[in-house]
Structure formats: structure tokens, C-alpha cells
Amino acid sequence: MSTNLELKKELVESIKSEFKDAKSIIFVDYRGITVSEDTAMRKEFRENAVSYKVYKNRLLVRALNDMGITDYDPKMLEGTTAVAYSTDEVAPARVFCKNQKDLNKMAVKFGVVNGQIMDKAQVEELAKVPSKEVLIAMLLGTLNAPVAALARGLKAIAEKQN
């Protein structure tokens with residue numbers, strides 16, 4: 001076998017191993033952005049523990065097929081394709097959609113979240129979900145509200161009796 005074919009097989013295996021632990025994989029068209037815009041976006045991805053890479057479409061197709069992910073439209077992997085993936089379900093979509101809105105140049109192709117194929121609209125809706133920390137804070141605030149109301153009521157009764 002040729003060395004080029006062996007290198008491609010190794011690269012497909014590398015892609016599969018990186019995607020294996022990812023809960024969210026977002027495929028995007030990065031056409032039109034400048035190097036400085038791309039650098040800033042990559043920095044934001046790193047800050048949110050998201051990996052962002054550019055692969056050849058044929059290698060992505062092979063890796064996805066080997067992983068059993070075949071429910072996507074193959075035409076979606078034409079043209080320029082970058083991949084953002086993470087163990088956080090929301091972070092890749094949120095960071096990319098924020099940058100897409102700011103730059104108005106890129107487009108979501110599709111995504112895979114927990115093994116489910118998501119179209120562009122679903123990925124953009126996913127981006128609107130608050131971060132895990134914000135959701136936990138909202139839950140704790142909701143759980144704390146009845147106790148706080150009871151404490152205020154008891155304090156008011158105690159002050160009224162004095």
C-alpha cells in the first residue's frame with residue numbers, strides 16, 4: 001500500500017478517536033472569514049474547551065460512516081468544512097453561532113449531538129440554551145426561593161410581635 005493511503009487511514013482513525021468522546025459535533029462552512037477572525041474564534045473555542053479543526057470532507061465522510069453516523073445528507077459535506085466538537089453538548093454550537101452572528105460570514109451545515117443528527121435550525125436553537133453553570137444557578141435559585149420566602153415571613157412575624 002502507498003504511504004499516502006496509510007496516512008489517510010491513520011488520519012481517519014485519529015478523527016474517529018477524537019469524535020468518540022465528543023457529545024456534540026458541529027460541522028460548519030467557514031468560507032469568507034479572515035485569519036484574524038479565525039484566530040479570535042479559535043481562542044474563544046479553546047476558552048470553552050471546544051476543539052476546532054478543518055478536515056478534508058472525504059476523510060470526515062469515512063470517519064462518520066465508520067462510526068455508524070449515516071443519517072446526514074452527503075451534500076452537506078461539500079465545500080469548506082470545519083468541525084467544532086466537545087464533551088459539552090451546547091458549547092460548540094453556542095460559540096460558533098455567536099461568532100456567526102457577529103461576523104455574518106459563516107454557516108452551520110449540520111450537527112451531531114449525542115448521536116442524533118441535527119439540522120441547521122436545530123443547532124441554532126441548541127446555541128440558545130444557557131451554559132451548564134447558568135442552568136445550575138437557575139435551578140438553585142428556584143430551589144432556594146421557597147425557603148427564602150419562609151424565612152422572610154418568619155422574620156416579619158417575629159418583628160411584628162416585638
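No hydrogens, no waters, no symmetry mates; every other heavy atom, side chains included, goes into these values.
The minimum heavy-atom distance linking Cys97 with Val108 is given by the pair SG-CG2, 4.2 Å. Between Met76 and Phe110, the closest heavy-atom pair is CB-CD2, 3.7 Å. What you find for Ala82 and Tyr52 is that their closest heavy atoms are CB-OH, 3.5 Å. Of all heavy-atom pairs spanning Leu126 and Val90, the tightest one is O-CG1, 3.5 Å. Nearest approach of Ile117 to Gln122, heavy atoms of both residues: O-OE1, 3.9 Å. A pairwise comparison of heavy atoms in Ser24 and Asp88 identifies CB-O, 3.5 Å as the closest pair.
For the atom pair CG (Asp29) and NZ (Lys120), the distance works out to 9.5 Å, reported to the nearest 0.5 Å. Interatomic distance, CD of Glu124 versus CD1 of Ile26, reported as 10.5 Å (0.5 Å rounding). With rounding to the nearest 0.5 Å, the separation of CD1 in Ile157 from CZ in Arg152 is 13.0 Å. The distance from atom NZ of Lys109 to atom OH of Tyr30, rounded to the nearest 0.5 Å, is 9.0 Å.
Hydrophobic clustering places Ile25 together with Leu60 (ILVMFWY residues linked when any side-chain heavy atoms are closer than 4.5 Å, directly or through intermediates). Hydrophobic clustering, with ILVMFWY side chains joined whenever heavy atoms are under 4.5 angstrom apart, groups Val12 together with Tyr55. With hydrophobic clusters built from ILVMFWY side chains whose heavy atoms lie under 4.5 angstrom apart, Val123 does not share a cluster with Ile69. The hydrophobic cluster containing Leu103 also contains Val50, counting ILVMFWY residues as joined when their side-chain heavy atoms lie under 4.5 angstrom apart, directly or transitively. No continuous path of hydrophobic side-chain contacts links Val112 to Met118 [ILVMFWY only; heavy atoms under 4.5 Å].
Counting heavy atoms from C-beta on, the side chains of Ile33 and Met106 come closer than 4.5 Å. By the 4.5 Å heavy-atom criterion applied to side chains, Phe96 and Phe45 are counted as neighbours.
Salt bridge Lys128/Glu125: present, at least one basic N to carboxylate O contact under 4.0 Å. A salt bridge does not link Lys75 to Asp73: none of the charged side-chain nitrogens sits closer than 4.0 Å to a carboxylate oxygen. Remark: Asp102 engages Lys98 in a salt bridge, criterion side-chain N to carboxylate O under 4.0 Å.
No donor-acceptor pair under 3.5 Å is formed between the side chain of Thr81 and the backbone N or O of Leu77. The backbone N or O of Val95 lies less than 3.5 Å from a partner atom in the side chain of Asn99, making a donor-acceptor pair. With Asn48 contributing its side chain and Glu44 its backbone, the two residues share a donor-acceptor pair below 3.5 Å. A donor-acceptor contact shorter than 3.5 Å links the side chain of Asn57 to the backbone of Gly79.
By the 6.0 Å contact criterion, CD on Glu47 is enclosed, its count of non-hydrogen atoms from other residues, nucleotides or ligands being greater than 12. Within a 6.0 Å sphere centred on CG of Asn104, other residues, nucleotides and ligands contribute 12 heavy atoms or fewer. The number of heavy-atom neighbours closer than 6.0 Å to NZ of Lys16, taken from other residues, nucleotides and ligands shown, is above 12.
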Q | Residues Arg62, Lys8; criterion side chain to side chain contact (heavy atoms under 4.5 Å, CB included); working and verdict | A | CA-CA 10 Å; Arg62 180 146 326 218; Lys8 287 180 181 179; over 6 Å; no
Q: Before giving the answer on side chain to side chain contact (heavy atoms under 4.5 Å, CB included), spell out for Glu89 and Val113 the whole-Å C-alpha distance, their side-chain angles and the decisive distance to 0.1 Å.
A: CA-CA 6 Å; Glu89 288 92 345; Val113 179; 4.1 Å; yes
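Listed by first then second residue, pairs satisfying side-chain hydrogen bond (donor to acceptor under 3.5 Å, both in side chains) with a partner in residues 32-41 read Thr34-Ser36, Thr34-Glu37, Glu37-Lys105, Asp38-Arg42, not counting sequence neighbours.
In summary, the side chains of Lys23 and Ser86 do not present any donor paired with an acceptor at a separation below 3.5 Å, with no hydrogens or angles considered. In this model, no donor atom of one side chain and acceptor atom of the other lie less than 3.5 Å apart for Asn65 and Thr70.
For Tyr85, the ring pair (Phe, Tyr, Trp, His ring centres under 6.0 Å) test picks out Phe19, with sequence neighbours left out.
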